[in-house]
There are 2 protein chains.
Amino acid sequence: MTTMIYTLVALKGILIRKIFAIKRYISTHITSYHTLDKLARHNMKDPIVNFLSKYIELTNEEIDILSNQNFIQSYKKGTILLSEGQIAKECYFILQGCVSSYYLVNGDIKITDFFTEQQPITPVSYTTKKPSEYFLECLEDCIISIGTPESSAELLRKLPRLAALGSHIMEDQLANQRMKYDEFIKLTPEERYQNLQKTSPDLLNRVPQYLIASYLGIKPESLSRIRKRLYN
Amino acid sequence: MTTMIYTLVALKGILIRKIFAIKRYISTHITSYHTLDKLARHNMKDPIVNFLSKYIELTNEEIDILSNQNFIQSYKKGTILLSEGQIAKECYFILQGCVSSYYLVNGDIKITDFFTEQQPITPVSYTTKKPSEYFLECLEDCIISIGTPESSAELLRKLPRLAALGSHIMEDQLANQRMKYDEFIKLTPEERYQNLQKTSPDLLNRVPQYLIASYLGIKPESLSRIRKRLYN
DNA sequence: GCTTTTCATTGACCTGGGTTAAGAAATCAA
DNA sequence: TTGATTTCTTAACCCAGGTCAATGAAAAGC
């Protein structure tokens with residue numbers, strides 16, 4: 001029940017119906033115009049509708065309510081959204097940019113996930129209220145919709161129909177998590193790299209290779225060798 | 001929503017209020033008395049109450065309804081509950097015994113999970129209605145409570161209060177799955193073995209070592225060497 | 001009981017990834 | 001543009017785990 005609400009938080013602030021609204025926001029909050037360009041390039045519009053339409057159809061009224069709930073933040077590349085030991089007070093939905101989650105074990109980084117546009121991030125620490133064991137860090141300048149327990153409760157009060165969504169989304173996340181684990185078990189690092197090339201080639205271009213290596217469970221040098229091997 | 005119901009299926013048939021009931025059942029369905037002994041040894045009683053009490057308190061009336069819904073099956077060691085390519089029509093709750101889930105990749109087994117007493121099994125294929133990619137197999141003689149979509153729907157009709165449970169359980173499962181993945185990423189095979197010794201020493205005694213090895217992501221020979229290394 | 005099959009261990013050798021260190025290439029800042 | 005920093009590649013060497021094969025030990029079948 002709690003998580004049902006919590007995952008919904010991720011949806012709270014997301015409704016941006018026109019790209020103009022985004023542009024307006026950016027011009028007042030962001031110095032760099034890089035991000036603006038990217039937004040235009042990616043032809044980003046109505047991210048919430050895209051996301052929610054996977055699960056449910058929204059009435060215009062509901063869309064309005066959602067869009068009025070927006071709390072959007074922008075972060076510079078390198079910003080740490082959540083640190084080890086800290087208790088997460090927010091959850092996120094990425095409108096633009098890329099965020100990584102990683103453990104710091106014996107001084108080096110172990111990437112467990114990359115999150116990009118239209119992905120919700122619900123830190124374990126957010127639901128458990130215990131200190132986080134991992135970090136969340138912006139790998140690019142980001143525009144992110146923020147959710148809190150209060151805001152999600154309020155949203156649920158206004159749109160009780162969304163309650164059913166929570167478990168749908170949870171279901172998807174569980175399936176994803178299972179797939180990730182199973183794939184990791186089944187494949188060699190080399191196969192995992194090839195898999196990544198197929199499933200998310202974009203990541204390989206926007207994320208530094210040494211982070212990709214970490215994500216694949218190997219060292220950057222090994223990834224170099226694998227790439228060399230594959231190109232022959 | 002669907003999974004909320006589906007996970008509940010796992011709870012459907014579980015209510016066995018007295019060990020006598022189990023014994024009665026066993027004596028009519030199982031030839032070997034091994035299992036009976038084990039039940040007595042493990043002091044097994046009210047498994048459903050144990051399990052559900054983690055999430056909710058049940059009234060006597062509810063307990064009665066649950067116990068009337070029981071559909072319990074026994075399986076011989078080696079029985080395959082679900083095969084690759086098959087669409088799962090049931091989900092399970094283990095009353096007694098041990099079940100493994102594994103992929104068959106290039107002819108050899110990759111264990112992803114062991115399930116034992118009081119654990120629910122909801123195959124991915126059961127929720128997605130697509131052919132399963134992995135197997136479920138009894139590693140011991142098992143007594144298992146079976147759930148189906150129909151039975152879960154019926155149960156939910158009678159005990160709508162249980163609906164809230166679904167997402168709780170899902171939440172737990174998601175957290176577990178995440179932990180498993182993260183641990184796999186962070187630890188070496190040797191560390192994973194030591195971890196297993198700590199967290200579930202029982203498994204090491206009841207499951208053959210070559211399956212443990214597979215679960216740890218290594219070959220039996222390597223596990224032998226690791227054990228040798230650790231004992232010096 | 002005996003036989004057969006399954007499981008665990010050991011040894012010799014191979015291989016892919018880790019480690020270290022150096023240099024090249026790309027990115028960033030001024 | 002230039003210099004500094006970050007990221008990527010290469011090479012040499014090491015080591016844990018994989019592979020193959022042989023041997024025991026333990027279970028399972030009959």
Side-chain angles (χ1 to χ4, degrees), chain A residues 31-35 37-38 76-79 98 100 102 105-111 114 137-141 184-197 203-232, chain B residues 31-35 76-79 98 100 102 105-111 114 137-141 184-197 203-232:
Chain A
T31 46
S32 147
Y33 287 95
H34 255 82
T35 325
D37 293 346
K38 277 188 196 158
K76 286 268 169 219
K77 171 178 175 178
T79 303
C98 181
S100 70
Y102 59 88
V105 38
N106 301 333
D108 51 30
I109 285 177
K110 302 270 187 185
I111 299 267
F114 297 111
E137 175 175 343
C138 299
L139 299 182
E140 306 170 352
D141 290 350
F184 206 90
I185 295 249
K186 282 196 290 186
L187 304 182
T188 64
E190 183 167 331
E191 291 167 330
R192 289 202 284 272
Y193 177 70
Q194 292 176 298
N195 210 45
L196 198 61
Q197 282 185 315
L203 263 188
L204 300 182
N205 294 325
R206 67 197 283 192
V207 172
Q209 250 175 59
Y210 72 98
L211 294 180
I212 298 282
S214 170
Y215 181 66
L216 296 174
I218 57 178
K219 299 284 157 180
E221 296 90 330
S222 301
L223 180 53
S224 258
R225 278 183 296 216
I226 287 175
R227 282 158 53 84
K228 194 177 175 186
R229 226 184 286 149
L230 291 177
Y231 279 108
N232 299 340
Chain B
T31 47
S32 149
Y33 288 95
H34 254 83
T35 324
K76 286 269 169 219
K77 171 178 176 177
T79 304
C98 181
S100 69
Y102 59 88
V105 39
N106 300 334
D108 50 29
I109 285 177
K110 302 270 185 183
I111 300 268
F114 297 111
E137 175 175 343
C138 298
L139 299 183
E140 306 172 351
D141 290 350
F184 206 90
I185 294 250
K186 282 196 290 186
L187 304 183
T188 65
E190 183 166 330
E191 291 167 329
R192 289 201 285 272
Y193 177 71
Q194 293 177 297
N195 209 46
L196 197 62
Q197 281 185 316
L203 265 189
L204 299 182
N205 294 326
R206 66 198 284 194
V207 171
Q209 248 174 60
Y210 73 99
L211 294 179
I212 298 282
S214 171
Y215 181 65
L216 297 174
I218 56 178
K219 299 283 157 181
E221 296 93 328
S222 299
L223 180 54
S224 258
R225 278 181 298 213
I226 286 174
R227 282 158 53 84
K228 195 178 174 185
R229 224 184 288 149
L230 290 178
Y231 279 108
N232 301 339

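Letters A, B, ... are given to chains in the order of the sequence lines, protein chains preceding strands, and every chain is numbered from 1. Reckoned from all heavy atoms, side chains included, excluding hydrogens, waters and symmetry mates.
- Between A/I212 atom CD1 and D/dT9 atom P there is a gap of 12 Å when expressed in whole angstrom units.
- Within the helix from C/dG1-D/dC30 to C/dA30-D/dT1, the inter-axis angle between the opening and closing five-pair segments is 60°, rounded to 10°.
- A/L196 and A/L204 make their closest contact through CD2-CD2, 3.8 Å (heavy atoms, listed as atom of the first residue, atom of the second, distance).
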In 5'-to-3' order, the base (B), backbone-only (S) or no-contact (-) status of each nucleotide in nucleotides 15-30 of chain D, using a 4.0 angstrom heavy-atom cut-off, is --SBBB-------S--
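- Shortest non-hydrogen contact noted between B/F184 and B/Y215 is CE1-O, 4.0 Å.
- Of all non-hydrogen atoms in A/R192 and A/L187, the two that sit nearest each other are NH1-O, 2.7 Å.
- Residues passing the side chain to side chain donor-acceptor pair (under 3.5 Å) test with A/Y193, sequence neighbours excluded: A/R227.
- Atom C1' of nucleotide D/dT5 and atom OH of A/Y210 are separated by 12 Å, given to the nearest angstrom.
- By the side chain to side chain donor-acceptor pair (under 3.5 Å) test, A/K186 is found to be paired with no residue, residues two or more places apart in sequence or in another chain being considered.
- Take B/S100 and apply the side chain to side chain contact (heavy atoms under 4.5 Å, CB included) test, not counting sequence neighbours, and it matches B/Y102, B/I111, B/F114, B/E137, B/L139.
- The shortest heavy-atom contact between A/L230 and A/E190 is CD2-OE2, 3.4 Å.
- Heavy-atom contacts of chain B under 4.0 Å fall on DNA chain C between two terminal nucleotides, which in 5' to 3' order are C/dC7 to C/dA12.
- A/V207 and A/L211 get closest at one heavy-atom pair: CG1-CB, 3.7 Å.
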| request: Assess whether side chain to side chain donor-acceptor pair (under 3.5 Å) is satisfied between B/S224 and B/E221, documenting all intermediate values. | output: CA-CA 5 Å; B/S224 258; B/E221 296 93 328; over 6 Å; no
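- Annotation for B/L223 and B/A213: closest pair CD2-N, 3.8 Å, computed over non-hydrogen atoms.
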